[in-house]
Amino acid sequence: MKFIFDKEWLQKHADRDDNLEIAAGSFSLDQLSVTEGDASDRTAVLAFGRLINLCRRKRGWTIENLASSARIDVSEAIRIEHDASYVPGPRTVYQLSTALGLPRERMLQLSGNMIVHDRGLGEQAVKFAARSESVEKLSREEHRALEEFVKYLNEPR
Amino acid sequence: MQGLMLVSTAGHPCRITEQRGKEQVYIDFVATAPWNSPGLVDVPRYGLVGRVLIATAVQLSLEEGFRGRIGLHSLPQAETFYATNCGMTDLGKDTKKEGLRYFEMTPAQAAAFLR
C-alpha cells in the first residue's frame, strides 16, 4: 500500500489533533458484564447508583438536570439510581463521570463495566452502600412527590 | 508499534441515508499505544497516530472501491476527534454496541479529510 498522504498533510493537521483521544471499537472496553451470582460486583453497582444519587442531590439537581448535563436519557438516569441490577453502558458512565467530576476508571469499575482488580475498592463500595442509605425523614419535596404519585395511583382508571 | 487498527471490509453496510446498504471499511478497533495516548501520559511520545490510521482506513476503502466510506463506534473520549477533526457524521448511540456513538464517513467527507 502506497500512502496517499504525506508529511505536509500531517504537519498541517498536527495542532488540531493535539491531545485528542482516538479509541474506537467495543473491543477496547475491557468489558465484563456483572453476573447474577457475583455479590461483590452487584454491591459495587448498587454503590454506583447511590453515589450518582448523592452527587446529584449535593448539587441540588433534579434527575432531569443530571440527564441534561450528562447528555443521557432521563429514563436511564432513573434506572441508574434505582435499579441495582442495571449496568449502564460505558458511554453513559463516561458522561456521568464528566458531568459530576468523578474519576472515570473507578466509575467504570463501580458500574460493572470493568473487572474490579482492586479489592480495596470493593470493600469501600460495600461500606459506602451500607452507610449512604438515608435515615432522614422525607424532605418537603420528597413528601409532595410521594403524595402526588400515590394520588395518581389511586385514581380510578 | 505506535498504534493498532483492526478493520473489516465486509459485513458492515453503511447506515447514512444517502449511502445506506453500500459497502464500507468498518473499523472494529483502533487505538494508539499507551505512551502515545494523551489520556494516559502528559506528553505523548508520538502524535498524529490516529490521523495516520484513519487515513489508512480511508485509503483502503478507496482501494477496495468503497470511495472512502468508513464507519466506526467511537469511545466517548474520542467523539470530538471523529466528529470535528475527521468530519464524520454522528449517527447517535448504538444500543447494540454498549451505547457507543456510531460515526460514518461519506465519499465527500473522505475527500475533505484527505485535503
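Since the model is a prediction, treat every value here as computed from it, not as a measurement. Naming convention: chains lettered A, B, ... in sequence-line order (proteins, then strands); numbering from 1 in each chain.
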inquiry  = Between B:Thr95 and chain A, with a heavy-atom cut-off of 4.5 Å, which part of the residue counts as in contact: side chain, backbone, both or neither?
reply    = neither

query = Do B:His12 and B:Tyr102 have their ring centres less than 6.0 Å from each other?
reply = no

ask   = Looking at B:Arg115, B:Arg51, B:Arg101, B:Met5, which makes the most heavy-atom pairs under 4.5 Å with chain A?
value = B:Arg51

key: Heavy-atom contact with chain A under 4.5 Å, split by part of B:Leu72   = side chain

request  = Supply the atom-to-atom distance B:Gln19 CD to B:Met105 CE, rounded to the nearest 0.5 angstrom.
outcome  = 10.5 Å

note = Rounded to the nearest 0.5 angstrom, the CZ-CG distance for A:Arg56 and A:Leu66 is 7.0 Å

query = chain B heavy atoms under 4.5 Å from A:Glu76: which part of the residue, side chain, backbone, both or neither?
reply = side chain

ask   = Are B:Val49 and B:Met88 linked, directly or through other ILVMFWY residues, by side chains that come within less than 4.5 angstrom of each other?
value = yes

request  = With a 4.5 Å cut-off on heavy-atom pairs, point out which of B:Thr32, B:Ile27, B:Leu114, B:Leu62 contacts chain A the most.
outcome  = B:Leu114

ask   = Between B:Leu60 and chain A, which part of the residue has a heavy atom less than 4.5 Å away: side chain, backbone, both or neither?
value = both

inquiry  = Applying side-chain contact (heavy atoms from CB on, under 4.5 Å) to A:Thr92 and A:Asp73, what does each step give before you reach the verdict?
reply    = CA-CA 9 Å; A:Thr92 297; A:Asp73 293 338; over 6 Å; no

ask   = Looking only at side chains, do A:Asn65 and A:Thr62 share a donor and an acceptor under 3.5 Å apart?
value = yes

query = Of the backbone (N, CA, C, O) and the side chain (C-beta and beyond), which part of B:Phe103 lies under 4.5 Å from a heavy atom of chain A, both, or neither?
reply = neither

message = Using heavy-atom distances under 4.5 Å, tell me whether B:Val52 contacts chain A through its side chain, its backbone, both, or neither.
response = both

